[in-house]
Amino acid sequence: MIPKRDLNLLTVNTGSSSLKLAVYHFGETETCTFSANIDRIGQQKVPDHGTALRILLERIQREAIYSRLDGAGHRVVLGDRRCLEHQLITKRLSAVFQELVQSAPDHVPQVIESISTLESSYPGMPQAACSDSAFHSRMPRVSQMYALPLRLFEQGVLRYGFHGLSCEYIMQELDSLDPAAANGRVIIAHLGNGSSVTAVDHGKSIDTSMGFTPMSGLVMGTRCGDVDPGVLLHLMDRDEMTSRGLNDLLNKKSGLLGLSEHSADMRDLIEREAADARCADAITVFCYHVRKFIGAYTAALGGLDTVVFTGGIGEHSAVIRERICTGLNCLGITLDSDANRIDAGIISAKSSLVTVRVIRTDEDLMIARHTSQVITNSKT
């Protein structure tokens with residue numbers, strides 16, 4: 001049995017065109033000893049995720065981060081009932097991933113490629129699949145169901161939700177900062193290139209803006225968020241768009257990039273906002289949708305005690321946080337502009353009925369924690 005408190009763990013976090021690798025030592029403390037990422041995968045220098053992973057693995061070996069790796073964990077972004085638990089990657093689970101490639105073409109092929117690359121580089125090393133939907137898997141049935149024929153729900157067409165690893169980390173951090181708050185009514189706004197809002201009641205997810213795929217909900221960097229299905233039928237009919245073309249449009253050419261026709265990066269849009277009406281519109285639509293979801297989830301929770309901003313935009317953009325919260329006084333939210341400007345841990349005013357926090361998320365640490373547990377359990 002591998003000692004639970006003496007593990008060297010690799011975490012692999014793949015995106016559609018990016019890969020982040022980290023190494024953690026779990027001993028007396030949880031220590032990240034290496035972290036690196038490669039973006040813009042698919043271009044000439046780095047043609048695929050397997051190549052990207054090998055580049056980073058060579059760096060780990062060259063720098064002698066650890067002579068021994070006890071296991072690896074992968075973030076799995078996949079809406080399927082068979083993949084909702086954190087689990088050891090077996091031949092059976094790998095076959096499920098192969099079966100579901102078409103269901104998540106921007107995430108699953110990359111995970112498969114990463115698993116295969118690690119099998120070649122570290123034969124026999126256990127690997128864990130860490131579900132990005134596990135945190136949401138016990139949402140109430142009413143939150144999971146689409147108004148489609150019931151047989152589709154029974155076949156697994158439902159709202160799975162994502163950013164679960166981030167939400168889980170945030171709730172653990174909140175519990176360490178304020179246990180009473182973590183046991184109350186919390187809204188987590190994970191805002192970045194991918195964005196979501198999640199309602200948490202007494203530590204349990206009761207609703208979240210992403211659904212069957214990570215495309216739904218908020219406006220994101222290049223993803224459309226919620227859109228009338230009739231629009232998709234219209235495009236299929238008028239422009240004879242295929243599923244591949246629609247996926248490319250909705251996942252890679254919409255969101256902030258589509259609205260602004262300039263950039264998917266909020267920092268770029270803020271810089272050009274005053275001179276470019278399209279960039280201004282993109283920012284306004286983004287903030288409006290986040291504000292709308294916060295209001296809706298306050299109703300779902302029956303009130304609100306805490307809002308947590310996290311993710312690249314949520315953690316670092318005081319301007320966006322202020323614009324989202326402006327107009328939410330009706331919910332008891334009042335910001336402290338000075339605290340907000342410096343990205344303080346608590347950015348709400350003392351008079352605010354709702355505490356507003358900024359907490360840095362750490363999906364990779366959550367992957368390492370779950371990998372540790374999966375590997376330890378597999379040895380018992």
Side-chain angles (χ1 to χ4, degrees), residues 9-22 37 49 72-89 93-94 96-97 100-101 103-115 127-139 143-144 156-173 188-200 203-218 220-221 223 225 251 308 310-312 314 360-374:
L9 301 170
L10 186 71
T11 65
V12 184
N13 194 335
T14 55
S16 59
S17 61
S18 65
L19 184 145
K20 183 178 181 182
L21 205 68
N37 66 282
H49 284 72
H74 302 259
R75 182 174 73 105
V76 175
V77 181
L78 178 60
D80 188 272
R81 285 178 170 144
R82 293 167 291 180
C83 305
L84 288 179
E85 301 298 326
H86 312 301
Q87 56 190 298
L88 199 67
I89 295 173
L93 185 60
S94 294
V96 171
F97 289 162
L100 297 171
V101 164
S103 298
D106 296 309
H107 291 94
V108 174
Q110 295 84 335
V111 172
I112 292 172
E113 193 170 19
S114 297
I115 293 169
Q127 300 187 58
C130 300
S131 170
D132 206 30
S133 299
F135 183 75
H136 307 298
S137 62
R138 293 170 179 82
M139 287 193 307
S143 300
Q144 295 182 351
V157 179
L158 53 93
R159 300 182 65 252
Y160 289 97
F162 300 92
H163 283 157
L165 292 164
S166 175
C167 289
E168 187 178 7
Y169 178 83
I170 292 300
M171 291 308 299
Q172 290 183 6
E173 285 295 291
I188 301 170
H190 179 122
L191 309 179
N193 188 52
S195 295
S196 67
V197 174
T198 297
V200 182
K204 297 181 180 179
S205 173
I206 67 159
D207 208 341
T208 190
S209 57
M210 288 179 171
F212 182 70
T213 74
M215 276 193 286
S216 66
L218 303 179
M220 306 179 216
R223 297 179 200 150
N251 256 318
V308 179
T310 192
R360 184 187 68 84
T361 195
D362 196 337
E363 291 177 331
D364 296 328
L365 179 55
M366 287 309 308
I367 295 170
R369 287 174 178 171
H370 287 302
T371 301
S372 171
Q373 190 65 51
V374 167

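These numbers were taken from a predicted model, which means no experiment stands behind them.
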Between the main-chain N or O of Ser209 and the side-chain N or O of Ser196, is there a donor-acceptor pair closer than 3.5 Å? no
Judged by atom type as modelled, is there a donor-acceptor pair below 3.5 Å linking the side chain of Glu173 to the main-chain atoms of Thr361? no
With the side chain counted from C-beta on, respond yes when Leu218 and Leu191 share a heavy-atom pair under 4.5 Å apart, and no when they do not. yes
Shortest non-hydrogen contact from Pro109 toward Ala104: CD-O, 3.4 Å
Enter the distance from Leu158:CG to Met139:CE here, rounded to the nearest 0.5 Å. 8.0 Å
First locate atom CD1 of Ile170, then atom CG of Asp362, and finally report the distance between them rounded to the nearest 0.5 Å. 9.5 Å
Smallest heavy-atom separation, Gly73 atom then Thr371 atom, equals CA-OG1, 3.1 Å
About how many Å separate CZ of Phe162 and CZ of Phe212, when rounded to the nearest 0.5 Å? 8.0 Å
Would you please classify the geometry between the His163 ring and the His190 ring as parallel, tilted or perpendicular, with 30° and 60° separating the classes? parallel
Worked verdict on Ser166 versus Thr310 for side-chain contact (heavy atoms from CB on, under 4.5 Å): CA-CA 9 Å; Ser166 175; Thr310 192; 4.1 Å; yes
Residues passing the salt bridge (charged side-chain N to carboxylate O under 4.0 Å, His left out) test with Arg138, sequence neighbours excluded, are Glu85
Would you check if the side chain of Gln110 reaches a backbone N or O of Leu19 as a donor-acceptor pair within less than 3.5 Å? no
Using the side-chain contact (heavy atoms from CB on, under 4.5 Å) rule, take Met215 and Asn251 through it: C-alpha gap first, then chi angles, then the decisive distance, then the call. CA-CA 7 Å; Met215 276 193 286; Asn251 256 318; 3.2 Å; yes
Considering all heavy atoms of both residues, which atom of Met220 and which atom of Gly194 are nearest to each other, and what is their separation? SD-CA, 3.9 Å
So, the side chain of Gln373 versus the backbone of Arg369: is there a donor-acceptor pair under 3.5 Å, distance only? no
Distance from Asp132 atom CG to Leu84 atom CG, nearest 0.5 Å? 11.0 Å
When you measure from the side chain of Ser133 to the backbone N and O of Gly161, does any donor-acceptor pair fall under 3.5 Å? yes
Which heavy atom of His74 sits nearest to which heavy atom of Val111, and what is that distance? CB-CG1, 4.4 Å
Taking all heavy atoms of Ile89 and all of Ser94, pick out the closest pair and write down the distance. CG2-OG, 3.6 Å
With rounding to the nearest 0.5 Å, note down the distance linking CZ in Arg159 to OG1 in Thr208. 7.0 Å
Yes or no on side-chain contact (heavy atoms from CB on, under 4.5 Å) for Met366 and Gln172, after CA distance, side-chain angles and deciding distance? CA-CA 10 Å; Met366 287 309 308; Gln172 290 183 6; 3.6 Å; yes
Can Ser114 and His49 be counted as having a side-chain donor-acceptor contact under 3.5 angstrom? no
To the nearest 0.5 Å, how far apart are CD1 in Ile188 and CZ in Phe135? 5.5 Å
Arg223: what forms a salt bridge (charged side-chain N to carboxylate O under 4.0 Å, His left out) with it, not counting sequence neighbours? none
Determine whether Cys167 and Val200 make a side-chain contact, defined as any pair of heavy atoms from C-beta on separated by less than 4.5 Å. no
Min side-chain heavy-atom separation Arg81-Tyr160 under 4.5 Å: yes
Any donor-acceptor N/O pair, Thr11 side chain to Ile367 backbone, under 3.5 Å: no
For His107 against Pro214, the heavy-atom pair lying closest together: CE1-CG, 4.3 Å
Apply side-chain contact (heavy atoms from CB on, under 4.5 Å) to the pair Ser372 and Leu9, showing each step before the final yes or no. CA-CA 8 Å; Ser372 171; Leu9 301 170; 3.8 Å; yes
Residue of the set Asp364, Leu165, Thr14 for which side-chain contact (heavy atoms from CB on, under 4.5 Å) holds with Arg75: Leu165
